[in-house]
Novice: 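Below you'll find the structure I mean.
Within every chain, numbering begins at 1; the chains are lettered A, B, ... in the order of the sequence lines, protein sequences first and strands thereafter.
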There are 2 protein chains.
Amino acid sequence: MLSKKTQYALKALSYLAARQDQGPVLITDIAEQKKIPIKFLENILLELKNAQILGSKKGRGGGYFLRNAPDKTSLATVIRVVDGPIALLPCVSLYFYQKCADCTEEICPINAVFVQVRDATLAVLESKTLEDIQDLIPEAIDFSI
Amino acid sequence: MLSKKTQYALKALSYLAARQDQGPVLITDIAEQKKIPIKFLENILLELKNAQILGSKKGRGGGYFLRNAPDKTSLATVIRVVDGPIALLPCVSLYFYQKCADCTEEICPINAVFVQVRDATLAVLESKTLEDIQDLIPEAIDFSI
DNA sequence: GTATTCTCTACAAATTTTATAGACTTTTTA
DNA sequence: TAAAAAGTCTATAAAATTTGTAGAGAATAC
């Protein structure tokens, strides 16, 4: 399971992606709308900024915004930044690889299967982007029609 | 990432699968060969037994053994028993479902993507079984040829 | 009936996750 | 140019989970 932190990150990014053209968005705004503890969210957004996913502006009229077009940031990237490895085993991870204590990967059948799991998972997470998880903006829907 | 507990479970099952026809295997034996803390392993094997994956026999000549043919137990089953949910989000889990606080799944784009991730992952984990991760038994390989 | 082996419950230590506090810096603007 | 607005940064605390240990108990084989 993704950590709460990562779930918060995805919600925040989903919110920001939908407001891409509307200039910087306040942390406070995101926290309230998405019901995320504000101080926790601060840390998360900062991390996303340090990873070049978000940009920010200080002072009046400031806030956070996507640094690139929503379709340029994959969900895999987000998860790796906030949560770490996507693979189910360390010996199978592309970005957080760690050798197993005793096993030799060339002949380890467990390793082989989990490479397949990783690839299946990544096929989705690398291809889906913030564009695909954009918030539907309620205000934009006209129910009077 | 899978917990150490689940990794131990998979190693133990991999060991047992390869020794399927040789009668019960001692906890001690598995623990030594797979370098798993024995008391921890006891708990794990017991859990696998309670989940009907393993059978056991007490007393001299006793030990643990697979309850069914190796190809009858999927890796998904094992992971669910030991680790819990395979899905990345609670609102997307088949066996450990939990509703999100504020989101309505029908229109939640995050939910939709993670259903796809889940299905891609499960396609592998449901189809692969203990047969696929059987230990290669070193003793059985004849290097003299 | 005793040695062997799994069973069960409780607990303890370590680590990770979740969250909060508060002082600091940058920017805007009156 | 000072005050208000907003993000930055580091440290710490609380809670939860994971990892591992202890030891008495029950079943079985010989």
Novice: What residues form a ring pair (Phe, Tyr, Trp, His ring centres under 6.0 Å) with A/Tyr8, not counting sequence neighbours?
Specialist: A/Phe40
Novice: I need the CZ-C1' distance between B/Phe65 and C/dT5, as an integer number of Å.
Specialist: 13 Å
Novice: Between the side chain of A/Ser127 and the main-chain N/O of A/Val124, is any donor-acceptor distance below 3.5 Å?
Specialist: yes
Novice: Ignoring hydrogens and angles, tell me if any N or O in the side chain of A/Glu126 forms a donor-acceptor pair with the backbone of A/Ser74 under 3.5 Å.
Specialist: no
Novice: Could you state the atom-to-atom distance from CD1 of B/Ile38 to C1' of C/dT4 in whole Å?
Specialist: 13 Å
Novice: Does a donor on one side chain sit under 3.5 Å from an acceptor on the other, for A/Asp83 and A/Ser3?
Specialist: yes
Novice: Is a side-chain donor or acceptor of A/Asn111 paired with a backbone partner of A/Cys91 at a separation under 3.5 angstrom?
Specialist: yes
Novice: Sort out for me which residue in A/Leu48, A/Thr73, A/Asn68 forms a side-chain contact (heavy atoms from CB on, under 4.5 Å) with A/Leu54.
Specialist: A/Leu48
Novice: Mind calculating the distance between CZ (A/Phe40) and P (C/dA21) to the nearest angstrom?
Specialist: 14 Å
Novice: Any donor and acceptor pair, going by atom type alone, linking the side chain of A/Arg80 with main-chain N or O of A/Tyr95 inside 3.5 Å?
Specialist: no
Novice: For C/dA19 and A/Tyr8 - does any side-chain N or O of the residue sit under 4.0 Å from the phosphate oxygens OP1/OP2?
Specialist: yes
Novice: Rounded to whole angstroms, how far apart are CD on A/Glu47 and P on D/dT10?
Specialist: 13 Å
Novice: Between A/Leu41 (CG) and C/dT17 (P), how many Å, whole number?
Specialist: 18 Å
Novice: When you check every protein heavy atom under 4.0 Å of nucleotides 6-16 of chain C, what one-letter string (B, S, -) results, 5' to 3'?
Specialist: BBBB-------
Novice: Between D/dA5 atom C1' and A/Asp29 atom CG, what is the distance in whole Å?
Specialist: 15 Å
Novice: For the CZ atom on A/Phe96, are there more than 12 heavy atoms of other groups (residues, nucleotides or ligands in this structure) within a distance under 6.0 Å?
Specialist: yes
Novice: Looking at DNA chain D, which of residues 78-90 of chain A put a heavy atom within less than 4.0 Å of it?
Specialist: none
Novice: Answer yes or no: is there a donor N or O on one side and an acceptor on the other, between the side chain of A/Thr129 and the main chain of A/Lys72, under 3.5 Å?
Specialist: no
Novice: Roughly how many Å is it from CD1 in B/Ile44 to C1' in D/dG20, rounded to a whole number?
Specialist: 10 Å
Novice: Just how far, in rounded Å, is C1' of C/dT17 from CD of A/Gln7?
Specialist: 12 Å
